[in-house]
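What follows is a single structure, written as structure tokens, with notes after it.
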Amino acid sequence: MTFAQLVEGSVHDAAPALLGWTLLVDGVGGTIVEVEAYEESDPASHSFGGPRGRNAVMFGPPGHLYVYRSYGLHACANVVCGPAGTGAAVLLRALGPLHGLERMRARRGVEPARLLCAGPGRLCQALGIGAEHDGAALEQPPFSLQPPSAPPEVAATPRVGITKAAERPWRYVVRGSPWLSRGPRPA
DNA sequence: CAGTGGATGCTCT
DNA sequence: GAGCATCCACTGT
């Protein structure tokens, strides 16, 4: 399964399948361990209600980045998924840091490795992802992706930090990973 | 540990 | 003017 094939499928298949992939930005990054799925019919999604303003990228081709600013301060990165125009995306919530740890620390400040990429805002800060990457293709530099050597064991849980449709179990994590944005780990 | 509140900017009403 | 897919520092046990 190539990355392009993966992201053009249903977001509910693509989200868990993205776990275990290694994402690098200019050589800095790690293994995806936590994601959330969003789709157009989902009241919690930025694409809810159709293409407008900032969400235009979500209705473009899959495999591109949708980057938005949260609470005025933090950038958050999504992978556009599904057939082009369907308004679905996968929010990247946590990575296991593998490469460029010193550059991550320089961007984030001195921190335990545990907190470098544990959360959508932290992950973007550590990898240097910002609004200038909104709409960028993930299969082009400075981005690179490598498939997992073996598929990780996946658990589904409710999504984090939203008020609408909060009960939908569309957060997917690598079971037992020490790098998740919040514990305790799901059973 | 858990719980609280401030920072900060963009979109939509 | 309200609300937000967040993070951090601070408080009290």
Side-chain angles (χ1 to χ4, degrees), chain A residues 7 10-12 14-16 18-19 23 25 30 32-60 62 64-82 86-97 101 103-136 138 154-174 177-186:
Chain A
V7 295
S10 158
V11 69
H12 298 293
L18 279 168
L19 297 176
L23 169 66
V25 182
I32 299 171
V33 296
E34 176 178 347
V35 300
E36 289 177 358
Y38 290 87
E39 62 175 35
E40 185 179 0
S41 63
D42 171 6
S45 174
H46 291 177
S47 59
F48 184 66
R52 275 186 327 277
R54 69 171 167 175
N55 69 16
V57 170
M58 288 185 79
F59 290 90
H64 289 237
L65 261 191
Y66 164 55
V67 181
Y68 68 95
R69 187 182 292 270
S70 178
Y71 293 88
L73 298 170
H74 308 287
C76 298
N78 299 250
V79 180
V80 177
C81 287
T86 55
V90 172
L91 171 67
L92 301 177
R93 287 197 54 92
L95 304 184
L101 285 257
R103 289 188 65 191
M104 293 185 192
R105 285 203 177 86
R107 288 169 175 149
R108 298 235 340 110
V110 178
E111 299 240 357
R114 158 105 253 276
L115 295 179
L116 285 175
C117 300
R122 291 166 175 161
L123 178 163
C124 285
Q125 188 181 17
L127 272 59
I129 295 174
E132 69 274 21
H133 296 110
D134 189 36
L138 281 165
V154 175
T157 82
R159 294 177 291 183
V160 170
I162 57 173
T163 54
K164 289 171 284 199
E167 74 290 353
R168 301 187 189 189
W170 290 350
R171 171 178 180 249
Y172 300 96
V173 303
V174 175
S177 170
W179 304 113
L180 303 183
S181 66
R182 58 180 64 191
R185 265 108 49 198

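Below, chain A is the first sequence line, B the second, and so on; all start at residue 1. Since this is a predicted model, take the numbers as computed values, not measurements. Heavy-atom basis, side chains included; hydrogens, waters and symmetry copies ignored.
If you take OH of A:Tyr38 and C1' of C:dA5, they are 4 Å apart, rounded to a whole angstrom. Atom pair A:His74:NE2 and C:dG3:P shows a separation of 20 Å (rounding to whole Å applied). The separation between A:Arg54 atom CZ and B:dC10 atom C1' is 7 Å, rounded to whole Å. For A:Tyr68 and C:dC4, the OH to C1' distance is 9 Å, given to the nearest whole Å. Look at NE2 on A:His46: it is 15 Å from P on B:dC10, rounded to the nearest Å. When rounded to the nearest whole Å, the span between CG of A:Asn78 and C1' of C:dT6 equals 14 Å. Residue A:Arg171 contributes atom CZ, which lies 11 Å from atom P of C:dT6 at whole-angstrom precision. If you measure from atom CZ of A:Arg69 to atom C1' of C:dG3, you get 17 Å, rounded to the nearest angstrom.
Stacking between A:Tyr71 and B:dG9 is absent: the ring centroid is not both under 5.5 Å from the six-membered base ring centre and under 30° in plane angle.
Across every strand in view, C:dG12 sits in a pair with B:dC1 that passes the Watson-Crick or G-U test at under 3.5 angstrom. Pairing partner, B:dT11: C:dA2, with both Watson-Crick or wobble hydrogen-bond distances short of 3.5 Å.
For the atom pair A:His64 NE2 and A:Asp134 CG, the distance stands at 11.5 Å (nearest 0.5 Å). Distance check: A:Ile162 CD1 to A:Tyr38 OH gives 4.5 Å after rounding to the nearest 0.5 Å.
Residue A:Gly161 is classed as a sugar-phosphate contact, given heavy-atom separations below 4.0 Å to backbone atoms only. Contact annotation for A:Arg122: backbone-only contact, meaning every heavy-atom pair under 4.0 Å involves sugar-phosphate atoms and none involves a base.
Side-chain contact, A:Arg107 with A:Gln125: no donor N or O sits under 3.5 Å from an acceptor N or O.
Closest heavy-atom contact between A:Asp42 and A:Arg159: OD2-NH1, 2.7 Å. Across all non-hydrogen atoms, the minimal contact from A:Cys81 to A:Ala14 is SG-CB, 3.8 Å.
Taking only side-chain nitrogens and oxygens, A:Thr163 comes nearer than 4.0 Å to OP1 or OP2 of C:dC4. Regarding contacts with the backbone of B:dC12, a side-chain N or O of A:Arg52 is found under 4.0 angstrom from either OP1 or OP2.
With the nearest nucleotide of DNA chain C identified for both A:Val160 and A:Arg108, A:Val160 has the one nearer the 5' end.
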